[in-house]
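Report on the structure given below.
Residues take their numbers from the sequence shown, with the count starting at 1. Since we're looking at a predicted model, the values are computed, not measured.
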Amino acid sequence: MMPDRRMMSHTACAVPVLAMAMAMGLGLSTPASAAPAPHAAMPAKASTLGNARQIKLEAQALRILASPPMVEEIQRVEALYAADPQGKTPTGKATIKRAARSIAMAAIQYAVGEDTDRPAVMWVVNAPHDWSGLAVPRSGYGIDNPDNVYRNIMVDGAARYVIHGRVKKPGPAELHFELRDSIPGTTAMAAEGGKQLATLRSDAMQIAADGRFTITVDSEPANGRPNHLQTPANGKPLLVVRDLFTDWATQNPVALEIERVGGPAITAPPSDDRIARRAATLLSQMAPYWVAYDNQYVFAKSANQIVTPRVRPGGRGFSTSGHFSLADDQAWVITLAPLGAVSLGFQLTDPWGVAYEYADRTSSLSTAQAKPNADGSITYVISKKDPGVYNWLDPEGHAAGIYAVRWQSLPPGARAEDAVRASKVVALGQLKQELPNGTQFVNPAERKVQRAERARSYARRLSE
C-alpha cells in the first residue's frame with residue numbers, strides 16, 4: 001500500500017484551514033474549562049492507516065469543518081445539547097462544545113466517504129492526531145470504543161467491489177466487517193444504532209499464510225466465493241470495519257484497499273460545497289438521534305448501576321451500558337468476570353457519548369491494560385479524583401458520564417448472567433477496605449509511567 005505522492009499536495013491546505021476554523025470559533029480541542037487533550041503526533045510518513053488516500057480525505061474534512069454550513073449546524077447542535085437535561089448538569093454543560101465538534105467531524109467523515117464511484121477505506125471515529133502536516137480533531141460519538149480501529153467504506157448496491165487486505169502479524173484479535181443499511185443515527189431508533197445486513201469475521205475468513213485475503217462485495221449470492229458480502233441491489237449501504245486490539249502495544253491494523261470493478265457509469269466527483277451541505281444534513285440527523293438514544297437506552301436507568309449484559313447481533317458478544325454520577329469524595333467499585341472473552345473492555349464517555357481522553361489517560365481499560373484479581377475477575381474504580389488504584393477509569397476530571405462494557409470473542413457456553421460480580425458506591429476514604437486483596441495501587445510517579453506507556457502504545461496506530 002504505497003502512497004501516491006501526487007495526493008500529498010492536498011495537505012498544504014491544513015494550516016490555513018485550521019486558522020480559519022479557529023477564527024470561526026471551531027476550536028479544535030477541548031473547551032477552555034478543561035485542559036486541552038494532546039494530539040497523538042507522528043512524523044509525516046506513510047503507514048497502514050496514514051496512507052495517501054487517508055491524508056487527502058482528512059485534509060478535505062478539515063476544509064469542510066470550516067465551511068459555513070458546518071459552522072452553522074455545529075451551533076445548532078450546541079443549542080440542542082444545552083436544551084437537553086444533560087446540558088443542565090455541570091459535566092454535560094462543560095462538555096457541550098467538545099462533543100458537538102466531535103460528532104460534527106464524524107458526520108464529515110461519512111460525507112467525504114460517500115463517493116461510491118471512487119470508494120475509500122477511511123479511518124474514522126478516532127482520537128485527535130497530528131500527521132503529514134494535519135492536526136485532525138477527535139471524531140468520536142455513540143460511545144466509541146478505544147480498543148477498535150474503525151474504518152468506513154460506502155458502497156453502491158448496483159456496483160461490484162473487491163477489497164484487498166493484508167494482515168501484518170501480530171494482527172488484531174479480531175477483524176470484523178459489518179454491512180449496515182445506513183449511516184448510524186440516520187434511520188429509526190435501534191439498540192445498535194441501525195440495521196445489520198451482513199457480517200464477516202476473521203475467524204470465518206480464508207486468509208493466506210502471508211496474511212493476504214480478498215473480499216468480494218456485490219448484490220449477488222456468494223455462489224461458492226469465499227469472503228463474500230452480499231449487498232442489497234439498490235441503495236448505498238455502509239461497510240464498517242473494526243480491528244479489535246486487545247494489546248495496543250503490539251497489534252497492528254490490517255492493510256485494506258478497495259477497488260470498484262463494475263457497475264453503472266461513473267459520475268463526476270462531488271464538490272466541497274456539496275459535501276459540506278451533505279455533512280451538515282447528516283449532523284442535523286445524527287446529533288438529535290444520539291441524544292434521544294442516550295435518553296432512551298442510558299439515562300432512563302438509575303445512575304451508578306450495572307445490569308446483566310445483552311447479547312449483541314452478528315456474534316459480537318455481550319455488552320452493557322449505563323451512566324455514572326459521583327460526588328467528589330465518592331468512588332464506584334465494579335467487579336466483572338471476563339467469561340473467557342478474548343477482549344473485555346470497559347470505557348467511559350462524556351454525557352454525549354464521546355469517549356473521554358484515552359490516548360494517554362485511562363478512561364478505558366482493555367484486557368491487557370487492566371490488572372486481574374487472584375480469581376481472574378477484574379475490579380475497576382470510577383472516581384473524579386485519582387484514587388491511586390491501577391485499574392482507575394479516569395473521567396478526565398469530570399464527575400459524571402456514560403460507561404460501556406463489551407465482552408468480545410466469547411467461548412461457547414458463556415453466560416451473561418455470570419458477568420457482573422459486584423457493584424458498590426463507596427466513600428473514597430473507605431475505598432481500600434472495599435477492594436479485593438492483592439489490588440495493585442500506584443503513586444503519582446507510577447501513574448505518569450502508566451499513562452506514558454499507554455500513549456506510546458496508542459501512537460503505534462499512526463506509525464505501523
Side-chain angles (χ1 to χ4, degrees), residues 17 21 26-30 37 39-40 49 54 57-67 69-78 80-81 95-115 120-129 134-154 178 180 182-187 190 192-194 236 238-242 275-294 347 349-359 402 404 461:
V17 166
L26 289 177
L28 303 180
S29 63
T30 52
H39 286 220
L49 298 178
Q54 178 75 27
L57 291 172
E58 288 189 329
Q60 185 177 33
L62 290 174
R63 296 197 301 270
I64 303 303
L65 182 62
S67 68
M70 287 306 298
V71 171
E72 293 170 8
E73 193 57 43
I74 289 170
Q75 291 171 346
R76 282 190 280 269
V77 172
E78 291 176 359
L80 170 73
Y81 288 176
T95 54
I96 283 175
K97 289 185 178 295
R98 171 188 190 270
R101 284 151 182 72
S102 187
I103 195 171
M105 192 64 179
I108 293 168
Q109 289 170 340
Y110 286 121
V112 301
E114 280 191 317
D115 186 354
V121 182
M122 186 177 184
W123 183 35
V124 298
V125 189
N126 42 37
H129 53 279
L134 302 181
V136 185
R138 76 178 72 249
S139 55
Y141 78 101
I143 319 181
D144 48 307
N145 183 357
D147 295 331
N148 282 338
V149 168
Y150 293 95
R151 283 174 282 184
N152 287 341
I153 307 172
M154 188 72 75
E178 180 191 24
R180 302 177 69 103
S182 59
I183 292 169
T186 61
T187 55
E192 292 288 333
K236 293 189 175 184
L238 173 70
L239 183 56
V240 179
V241 187
R242 298 177 182 86
I275 294 173
R277 287 184 276 110
R278 172 60 174 160
T281 296
L282 287 173
L283 180 56
S284 73
Q285 297 173 305
M286 292 169 61
Y289 179 101
W290 289 105
V291 167
Y293 180 99
D294 291 339
Q347 73 158 121
T349 79
D350 65 24
W352 314 108
V354 176
Y356 282 130
E357 182 57 47
Y358 57 81
I402 296 172
R461 301 186 193 189

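Listed by chain and residue number, nothing satisfies the side chain to side chain donor-acceptor pair (under 3.5 Å) test with N152 (two or more places apart in sequence, or in another chain). Contacts of R151 classified as salt bridge (Lys or Arg N to Asp or Glu O under 4.0 Å), with partners at least two apart in sequence or in another chain: D243. Not a single salt bridge (Lys or Arg N to Asp or Glu O under 4.0 Å) links E58 to another residue, sequence neighbours left out. With sequence neighbours left out, the side-chain contact (heavy atoms from CB on, under 4.5 Å) criterion links T186 to S182, I183, L282, Q285, M286. Residues forming a side-chain contact (heavy atoms from CB on, under 4.5 Å) with A104 (at least two apart in sequence, or on another chain): M70, I74, L283. Shown here are the side-chain contact (heavy atoms from CB on, under 4.5 Å) partners of R242, two or more places apart in sequence or in another chain: N148, Y150, H176, E178, R180, V240, R316.
When all heavy atoms are compared, the tightest approach of A100 to V77 is CB-CG1, 3.8 Å.
Listed by first then second residue, pairs satisfying salt bridge (charged side-chain N to carboxylate O under 4.0 Å, His left out) with a partner in residues 285-294 number zero, not counting sequence neighbours.
Contact check for V112 versus I275: side-chain heavy atoms found under the 4.5 Å cut-off. Side-chain atoms of W352 and Y81, non-hydrogen and from C-beta on, do get closer than 4.5 Å to each other.
Judged purely by atom type and a 3.5 angstrom limit, E357 uses its side chain to pair as donor or acceptor with the backbone of A359. A donor-acceptor pair under 3.5 Å is absent between the side-chain atoms of S102 and the main chain of A99, judged by distance alone.
For the atom pair M154 CE and E114 CD, the distance stands at 4.5 Å (nearest 0.5 Å). Atom CD in Q75 sits 14.0 Å away from atom CG in L80 (nearest 0.5 Å). For the atom pair CD1 (I64) and CZ (R278), the distance works out to 13.0 Å, reported to the nearest 0.5 Å.
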Apply side chain to side chain contact (heavy atoms under 4.5 Å, CB included) to V354 and T349, showing your working. CA-CA 5 Å; V354 176; T349 79; 5.6 Å; no

Passes side chain to side chain contact (heavy atoms under 4.5 Å, CB included), V121 versus V241? Steps please. CA-CA 9 Å; V121 182; V241 187; 5.5 Å; no

Exercise answer: donor-acceptor pairs, residues 139-147 side-chain atoms, under 3.5 Å, sequence neighbours excluded:
unit_1: S139; atom_1: OG; unit_2: Q109; atom_2: OE1; d: 3.4
unit_1: S139; atom_1: OG; unit_2: Q109; atom_2: NE2; d: 3.1
unit_1: S139; atom_1: OG; unit_2: V125; atom_2: N; d: 3.2
unit_1: S139; atom_1: OG; unit_2: N126; atom_2: N; d: 2.9
unit_1: S139; atom_1: OG; unit_2: N126; atom_2: OD1; d: 3.0
unit_1: Y141; atom_1: OH; unit_2: Y110; atom_2: OH; d: 2.5
unit_1: D144; atom_1: OD1; unit_2: Y141; atom_2: N; d: 3.4
unit_1: D144; atom_1: OD1; unit_2: A355; atom_2: N; d: 3.3
unit_1: N145; atom_1: OD1; unit_2: D147; atom_2: N; d: 3.0
unit_1: D147; atom_1: OD1; unit_2: W248; atom_2: NE1; d: 3.0

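Taking the six-membered ring for Trp and thresholds of 30 and 60 degrees, Y289 and Y293 have nearly parallel ring planes, at less than 30 degrees apart.
A salt bridge links R101 to E78: at least one charged side-chain nitrogen sits closer than 4.0 Å to a carboxylate oxygen.
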